[in-house]
Every structure is written in structure tokens, then in C-alpha cells.
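Below is one structure; the comments refer to it alone.
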Amino acid sequence: MAESDLALYRQLPAIDKLLQLDEVQILVEQSGAHWVTACLRKMQEQARASIAQAGKLPAWQEDWVKELAQRHQALGQSALKNVFNLTGTVLHTNLGRAVMSTTAVNAVSQVMSSPVTLEYSLDGAMRGHRDRAIADLLCELTGAEDACIVNNNAAAVLLLLATVANGQQVIVSRGELVEIGGAFRVPDVMAQAGCQLVEVGTTNRTHLRDYENAINDQTALLMKVHTSNYSIEGFTAEVEGEELAELGRKYQLPTAIDLGSGSMIDMTAYGLPAEPMPQSYLSQGIDLVSISGDKLLGGPQAGIILGKKKWIDAIQKHPLKRALRVDKMVLAALEATLKLYLTPEKLTTELPTLRWLTRDPETIRDSAESIVVALQAFYGDKFIVEVEPCLSQIGSGSLPVDRLPSFAVTFTPLNGKGSTLEQLATQWRQLPQPVIGRMKDGKLWLDLRCLDDEHALLQVLLS
Ligand SMILES: *Cc1c(COP(=O)(O)O)cnc(C)c1O
């Protein structure tokens with residue numbers, strides 16, 4: 001070992017000496033001697049590694065107590081930080097998709113802090129499973145005979161297939177063999193459910209006769225998948241729900257549709273692009289429809305299977321249901337969200353997803369105008385800061401080709417360098433409440449569609 005390294009090792013403070021310092025004792029009182037000692041040991045190991053590898057002490061060598069205090073502070077922070085979603089994507093999967101309504105938030109907090117009647121009936125009558133009450137609400141809203149609730153829509157599709165078609169064939173159109181982000185691929189889910197996928201038709205055109213010709217004594221299910229995250233345009237044909245339901249009846253085969261986003265209300269009534277509704281397919285005679293809880297529905301992460309009682313009964317009894325079921329928090333959030341749908345006129349104010357999706361561009365522009373001057377004053381030496389029109393996305397694979405007119409505050413580097421823009425984005429990601437924008441055309445865009453509180457944003461951006 002080099003003489004100089006030895007000198008560096010000697011500079012490392014002893015842990016028991018550090019532990020005696022008043023500032024360190026305060027941390028011990030807050031988080032215990034075990035955590036503080038472990039943290040100091042780790043710092044010492046890191047310092048030794050730095051000497052061994054780089055021949056120098058770490059940057060925080062000057063002040064061990066300050067470094068320890070910083071690590072202690074980081075310990076108090078959640079890994080799930082609140083952020084400003086100014087990406088322009090309303091249902092952003094990486095930012096946790098739907099933001100819950102106040103009633104859902106309150107409902108979750110209620111059931112978290114007390115025992116609840118999750119699978120307990122106060123009148124002594126055993127009502128079956130934990131989904132019962134919310135399944136009744138779902139039936140009221142959609143006209144389904146019964147419903148089943150699981151962890152997410154991927155789980156819903158898996159459970160549906162495993163129950164209805166395990167060991168048998170499922171017929172699906174080639175144009176609908178979708179991959180949803182995060183490794184949900186229809187063919188893989190089929191395989192995991194123990195089903196044999198039978199692809200029919202072509203990428204752009206599938207006819208009813210394609211389905212019909214593929215039916216044999218191994219067929220267990222006729223299925224459609226909503227192509228939620230892409231669209232095929234031009235010379236296309238797909239089999240409608242109604243035709244598929246009729247074919248199912250003719251051959252006494254069940255039919256199912258994985259709708260993905262699925263909206264329970266007519267989105268066009270709110271000036272939004274049309275999105276298929278589960279109730280339409282159910283009324284057309286489709287046996288089973290699955291949707292996500294945290295996409296357009298605006299609720300917690302969940303998968304909902306709606307449909308005929310006979311099939312839902314079988315799905316509820318499948319052993320996988322036990323592995324995929326949801327907890328009381330999800331059920332409480334889902335119930336509160338669904339209750340908002342009983343009074344649809346309240347949705348655009350009380351359900352954040354719908355409130356943001358239906359925000360009128362002029363209101364968003366006003367919001368941008370109200371903060372742009374302060375931002376110019378603060379960032380104007382390095383950036384051109386202005387209000388510009390932009391297009392928001394619904395997100396989570398919903399309505400991929402549809403964009404919603406919106407407004408953004410944009411930041412263009414005066415020196416024309418991309419690195420300056422990267423620095424700004426990085427700086428904003430490190431704020432106490434990080435600000436997440438979108439980089440496009442050499443600018444950083446803050447789409448204000450999902451911003452409820454301009455003051456709160458200014459407070460972090462001007463610090
Ligand atoms: C989003 C989606 C899924 C997956 O749903 P999760 O709730 O994210 O598990 C499956 N199928 C379709 C068609 C989808 O759009």
C-alpha cells in the first residue's frame with residue numbers, strides 16, 4: 001500500500017467517536033442506533049473503496065455529520081414522490097395512471113384505518129365473495145348479470161381465458177393480436193392461460209366467415225381484443241361485436257372482448273373521441289367483457305370482468321382468482337369511483353381524469369398566461385419562455401390517434417444547445433416535487449392540461 005493511501009485511511013473518523021457527537025445523537029433518537037451505525041459503516045466502506053480505487057477521499061470527507069444528516073433525510077422520503085405531470089399525457093402509466101377523486105381517496109383512508117366487512121355479512125347471510133357489493137354496482141351501471149374484480153386487466157384476461165378455454169382453442173383476429181406496453185401480449189397471455197391461439201383473417205381484414213371456418217370441436221371461445229394503442233387505417237374490415245355474439249349463439253360457444261380502456265360513459269357527449277363501452281357489447285350479447293380500472297374509468301388499478309352469471313360464477317371459483325384478487329383499499333377506491341358514475345353530470349368536476357380530459361383549451365391558455373411572466377423573469381437569461389399551442393394525449397393506450405388541443409409554457413435555450421435543455425429537465429426532476437415535462441423540437445414543453453394549482457407549480461419552479 002502506498003504511503004499516501006495510508007495517510008488517507010488514517011483520516012477516516014472512528015464510528016464510536018462520531019456516535020458521541022450531539023448532532024449524531026439527535027439522529028439516533030429519531031431513527032435508532034442501529035440505522036445510524038449501519039449508515040456510518042456504509043459511509044466508511046465507501047470512503048475506503050474510494051481510497052482503494054481512486055486514491056482519494058470522497059467529496060463528503062469534509063463533513064461526515066452533514067452527509068449523514070442528508071442520508072437520514074432521504075430515508076424519510078417516499079420512493080413514490082408526488083410529481084407535476086405536465087407531460088401532456090393524462091393517463092401516464094409510468095406516473096401511476098388515473099389520479100383518484102377526493103371521494104375515492106377518503107374511502108381508501110377509511111378502510112385502511114379500521115377493520116371492515118370485506119367478507120363478512122352483518123345480517124348473517126353468507127353472500128359469497130369479496131367482490132359482491134361492488135359487482136352489484138357494476139351490474140347496475142352496465143347491465144351485466146355479474147362481475148369479477150382482479151388486480152388489473154391483464155389478470156382479468158388471464159383469468160377469463162384460464163377459466164373458459166384452458167386446454168382448448170381460442171379464435172382471435174390477426175389484426176387484434178396486440179401488445180400493450182409492459183409485456184402484455186395477447187399470444188403470450190393465451191399461452192400462460194393454457195389456451196391454444198387460433199389466428200384468423202389478415203392484419204387488415206378479418207371477416208365473420210374467417211371465425212366460422214376455424215370453429216371445430218376443440219374451440220372453446222371466440223374472442224376480440226380492442227386495438228387500443230394503434231389503429232389500422234385504409235382497406236380494413238373487422239368483425240363487429242353483434243356478429244360475433246350471433247356466431248357464438250349459433251355454435252353454442254362463449255364470446256369475449258378485451259376492451260382495455262373501455263369507458264362507461266359516452267365520451268362523445270363530453271366532446272371527446274368515441275371509445276367503446278362495455279355495456280354496448282353486453283347488450284349485443286357478448287358473454288364477457290374485460291376493462292381496466294385505472295384507464296378511462298379513472299379509478300384504482302384493477303381489472304373488471306363483466307358478463308353472464310354462468311361464466312362469472314366459474315371465474316370466481318377458479319383457483320387463480322385467489323391469487324389475483326384485490327384488497328379492501330382497491331375495492332373501496334373502485335366503489336367510490338363507480339358511485340360517481342351514478343350521477344354522470346358530476347364526473348367532469350369530481351373525477352380528475354375526466355376533468356382534465358374535458359378541460360377547454362382556452363382555460364388552459366389562461367392558466368399558462370397567468371404564470372408565463374414570472375417564469376420569463378426567472379428563466380429569461382437562458383431561455384425563451386412563451387405560451388404555445390400543443391396537443392395532449394389521453395394515454396394508457398386509449399384512443400391513440402386522437403389528440404386534444406391544449407397549451408404549454410415552452411422553454412427554448414437561447415444558446416440553441418440541447419445540453420442546456422437536458423440540464424433544465426434534470427434540475428426539475430430533482431425538485432422536492434419534481435416537474436415532468438416533455439422534450440420535443442428542441443424545447444421543453446410544460447403542457448398545463450393536468451395542472452390544478454398554478455401557485456404550487458410556481459413555488460417549486462421559482463426556487
Ligand atoms: C391496457 C390494456 C390491457 C392491460 O390492462 P392493465 O390494466 O394495464 O393490466 C390489456 N388489454 C388491452 C386491450 C388494454 O388496452
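In listed order, ligands and their atoms are each counted from 1. Note that this is a predicted model, so its numbers are computed, not measured.
Close N/O approach between Asn153 and ligand 1 is found [any backbone or side-chain N/O within under 3.5 Å]. Annotation: Phe184 places no N or O atom under 3.5 Å from an N or O atom of ligand 1; distance criterion only. Ligand 1 has no nitrogen or oxygen under 3.5 angstrom from a nitrogen or oxygen of His226.
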Self-check item: Lys440 vs Asp447, salt bridge (Lys or Arg N to Asp or Glu O under 4.0 Å): CA-CA, chis, key distance, verdict
Solution: CA-CA 12 Å; Lys440 191 173 164 261; Asp447 182 335; over 6 Å; no

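For atom 7 (O) of ligand 1, the choice among Gly303, Ser292, Ala302 with the nearest heavy atom turns out to be Ser292. Across the listed options Ile291, Asp258, Val186, Asp258 owns the non-hydrogen atom lying nearest to atom 12 (C) of ligand 1.
Residue-ligand proximity, Arg97 to ligand 1, at heavy-atom distances under 4.0 Å covers atoms 6 (P), 7 (O), 8 (O).
Ionic pairing of Arg365 and Asp360 is not present here: no N-O contact between side-chain nitrogen and carboxylate oxygen is shorter than 4.0 angstrom. Remark: Arg249 does not engage Glu246 in a salt bridge, criterion side-chain N to carboxylate O under 4.0 Å. A salt bridge links Lys309 with Asp313: the distance from a Lys NZ or Arg NE/NH1/NH2 to an Asp or Glu carboxylate oxygen falls below 4.0 Å.
The residue Arg185 has no part lying near ligand 1, judged by heavy-atom distances below 4.0 Å.
The side chain to side chain donor-acceptor pair (under 3.5 Å) test with Trp356 is passed by exactly one of Thr348, Asp452, Asn85: Asp452.
For Glu454 against Ile371, the heavy-atom pair with the smallest separation is CB-CG2, 3.6 Å.
Distances from ligand 1 to the non-hydrogen atoms of Lys295 include at least one value under 4.0 Å.
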